[in-house]
Amino acid sequence: MKKECIAMLLAGGQGSRLYVLTGAMAKPAVPFGGKYRIIDFPLSNCSNSGIDTVGVLTQYRPLELNSYIGSGVPWDLDSSTGGVHILPPYQSSKGGTWYQGTANAIYQNIGFVDLYDPDYVVVLSGDHIYKMDYSKMVARHKESGAACTISVMEVPWAEAPRFGIMSVNEQDMITEFAEKPREPKSNLASMGIYVFSWQTLRRYLEEDEADPSSENDFGKNIIPAMLTQGEKMAAYRFDGYWKDVGTLESLWDANMDMLSPSSGLDLQDESWPIYARSVNEPPTFIGHNARMSHCAINRGSVIEGVAENSVLSPGVVVGEGARVTYSVLLPGTVVEPGAVVEYAILGEDCRIGRDCRVGGTPENAAPGAAWGLTVLGPGCQVAQGRQVAAGTMLNSRGEEVSK
């Protein structure tokens, strides 16, 4: 069972900043880009990087995520000597609680990691859209002799206070780390992707768990503790596409990026495929009067109206005379004839009645609107002729939601 490297994928977050979209599912299970779910990206990166053993740590509403991952076949992670493993919190003879933080989640699964006796552990997040060869990051970790290597990328200075920020020397070894600093010294941001030498990390996890004042978090506790105690810590610079899709705006942005050849998010690249569990849907039907431009359209869709600059998931229907622009429609959504949808994210199985108007350009949102986008929760039914203003959010019952 000895493995040089395994991955631990943190996928248990509630995703509260996605509001109604994650009311009934974990954030990594949220559909993305028409045919994918968010978790397809780190799982595919593991498979493409040659990491064949992945622990997926779930917690919040895990049913749909667990069912989707299954035995890991779509990502070639169904190996009998490794594979993908769902790791929920559990009760043991020593007690047990919900995962209290990112570090505590790994601590509670020390036994799982020890089964494979790895030299290195890659710790990943389940809510990022990107392509990365983790084997290159592990190689950087080994070459530098570091105890921890953190993947970093330069961000605009105005956005730096939102991230964990690194200061590095000429060899890109980390000298300082600040979690969401008000006045950052650098714009080199942590991507929340780590490689650890396992035995060193194991010791720090045990020390952190014994500290009653700790928040049991990698960024707030483990990384600062390692720096304070003089551990060698390396930065691994990443210059590809990467986006944390933890907010509605970033989720919409990433979907729009998928439609843009210049964004860097190339899902047509056969050398680094993103795998997903396929859906059992009939072929797409395009009606005589349909008009489409710059869209991603998936199996089972029926398009008889207009769709522009939008992502249409499997089973979406756009009726005759309806128009969908700059929007993301999740699986099973129906836009009835004559309805208009603009700058919106519509949850799974929504139905927009005839002649409704949902959304509008963010600039036209009402003064004081909580969101620029218009967002509808899964299963929301919008009655015929209803007007849903730009920047509005409706829950699954069609009721308006405020921040």
Side-chain angles (χ1 to χ4, degrees), residues 4-5 7-10 41-42 45-46 49 51 101-103 106 118-125 127-205 207-208 214-244 246 250 264-265:
E4 182 186 36
C5 180
M8 298 293 278
L9 175 51
L10 299 165
F41 288 81
N45 288 338
C46 286
S49 301
I51 297 175
T102 53
I106 305 296
D119 299 314
Y120 311 106
V121 172
V122 181
V123 177
L124 306 170
S125 174
D127 54 2
H128 299 162
I129 301 297
Y130 67 114
K131 295 182 177 184
M132 179 188 282
D133 187 345
Y134 302 136
S135 67
K136 293 181 179 179
M137 187 174 173
V138 173
R140 159 70 174 156
H141 180 81
K142 291 193 282 189
E143 289 165 4
S144 66
C148 171
T149 299
I150 302 175
S151 185
V152 298
M153 66 186 306
E154 293 186 4
V155 298
W157 279 92
E159 295 183 19
R162 296 177 43 232
F163 295 91
I165 296 297
M166 310 289 164
S167 296
V168 298
N169 62 19
E170 294 80 3
Q171 290 75 42
D172 271 349
M173 301 303 289
I174 297 167
T175 57
E176 290 184 70
F177 173 80
E179 179 74 5
K180 299 181 179 178
R182 289 185 179 180
E183 297 182 4
K185 296 181 180 180
S186 158
N187 67 336
L188 207 57
S190 168
M191 298 166 62
I193 300 167
Y194 311 101
V195 176
F196 291 98
S197 297
W198 171 237
Q199 290 305 320
T200 303
L201 175 59
R202 196 183 197 284
R203 174 165 53 84
Y204 277 93
L205 290 174
E207 292 174 359
D208 182 70
S214 176
E215 295 182 54
N216 306 126
D217 183 82
F218 278 107
K220 295 177 181 177
N221 305 109
I222 300 294
I223 303 304
M226 295 182 79
L227 271 175
T228 299
Q229 296 187 36
E231 301 286 356
K232 290 185 70 174
M233 304 186 71
Y236 174 76
R237 291 180 182 263
F238 179 72
D239 59 3
Y241 181 93
W242 175 85
K243 191 177 287 289
D244 179 340
S250 62
L265 180 58

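Position 1 is the first residue of the sequence; numbering continues from there.
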Can you give me the closest heavy-atom contact between A103 and L205, atom names plus distance?
O-CD2, 3.5 Å
Could you tell me whether the side chain of N187 and the main chain of V155 form a donor-acceptor pair under 3.5 Å?
yes
Under 3.5 Å donor-acceptor, S186 side chain and S167 backbone:
no
Should Y120 and Y134 be marked as a ring pair (Phe, Tyr, Trp, His ring centres under 6.0 Å) after you check the CA-CA gap, both sets of side-chain angles, and the distance that decides it?
CA-CA 12 Å; Y120 311 106; Y134 302 136; over 10 Å; no
Distance, nearest 0.5 Å, that separates CZ of R237 from CE of M166:
11.5 Å
Check S151 against M132 and note the closest heavy-atom contact, atom names and distance.
OG-CE, 3.2 Å
For a quick test of reading the model, state the closest non-hydrogen atom pair linking A234 to S144 and the distance between them.
CB-OG, 3.6 Å
Please assess M8 against F196 for the test side chain to side chain contact (heavy atoms under 4.5 Å, CB included), listing each intermediate value before the final yes or no.
CA-CA 11 Å; M8 298 293 278; F196 291 98; over 6 Å; no
With rounding to the nearest 0.5 angstrom, report the CD to CG distance, E176 to N169.
11.5 Å
If every non-hydrogen atom of E154 is compared with every non-hydrogen atom of L188, which pair is closest and at what distance?
CG-CD1, 3.8 Å
Measuring from F218:CZ to S125:OG, what's the distance to the nearest 0.5 Å?
11.5 Å
Any F41 side-chain heavy atom under 4.5 Å of L124 side chain
no
Atom pair CE/CD1 of M137 and I150 - distance to nearest 0.5 Å:
7.5 Å
Shortest non-hydrogen separation from K180 to R162 and the atoms involved
CE-O, 3.5 Å
Supply the atom-to-atom distance T149 OG1 to I193 CD1, rounded to the nearest 0.5 angstrom.
12.5 Å
Student check: side-chain heavy atoms of M226 and T200 closer than 4.5 Å:
yes
Do L10 and I106 have side chains that get closer than 4.5 Å, going by heavy atoms?
yes
Considering all heavy atoms, the nearest F177-P224 contact
CD2-CG, 4.3 Å
Just by modelled atom types, is the S214 backbone N or O under 3.5 Å from a matching donor or acceptor in the D208 side chain?
no
As a quick check of understanding, evaluate side chain to side chain contact (heavy atoms under 4.5 Å, CB included) for K185 and T175, giving each step before the final call.
CA-CA 12 Å; K185 296 181 180 180; T175 57; over 6 Å; no
Is the CD atom of E183 crowded by more than 12 outside heavy atoms at less than 6.0 Å?
no
Verdict with reasoning, Y194 to I222, per side chain to side chain contact (heavy atoms under 4.5 Å, CB included):
CA-CA 11 Å; Y194 311 101; I222 300 294; over 6 Å; no
E179 and I223: CA distance, side-chain angles, deciding distance, side chain to side chain contact (heavy atoms under 4.5 Å, CB included) verdict
CA-CA 10 Å; E179 179 74 5; I223 303 304; over 6 Å; no
With rounding to the nearest 0.5 Å, note down the distance linking OG in S190 to CE in M153.
11.5 Å
Quick one: are Y204 and E231 in side-chain contact, heavy atoms under 4.5 Å?
yes
Around atom CG of D239, are there more than 12 heavy atoms from other residues, nucleotides or ligands closer than 6.0 Å?
no
Fit a plane to each ring of W242 and H128, take the angle between them on a 0 to 90° scale, and name the class: parallel (under 30°), tilted (30 to 60°) or perpendicular (over 60°).
perpendicular
Backbone N or O of D244 within a donor-acceptor pair of the S250 side chain at under 3.5 Å?
yes
A235 backbone acceptor or donor facing D172 side chain under 3.5 Å:
no
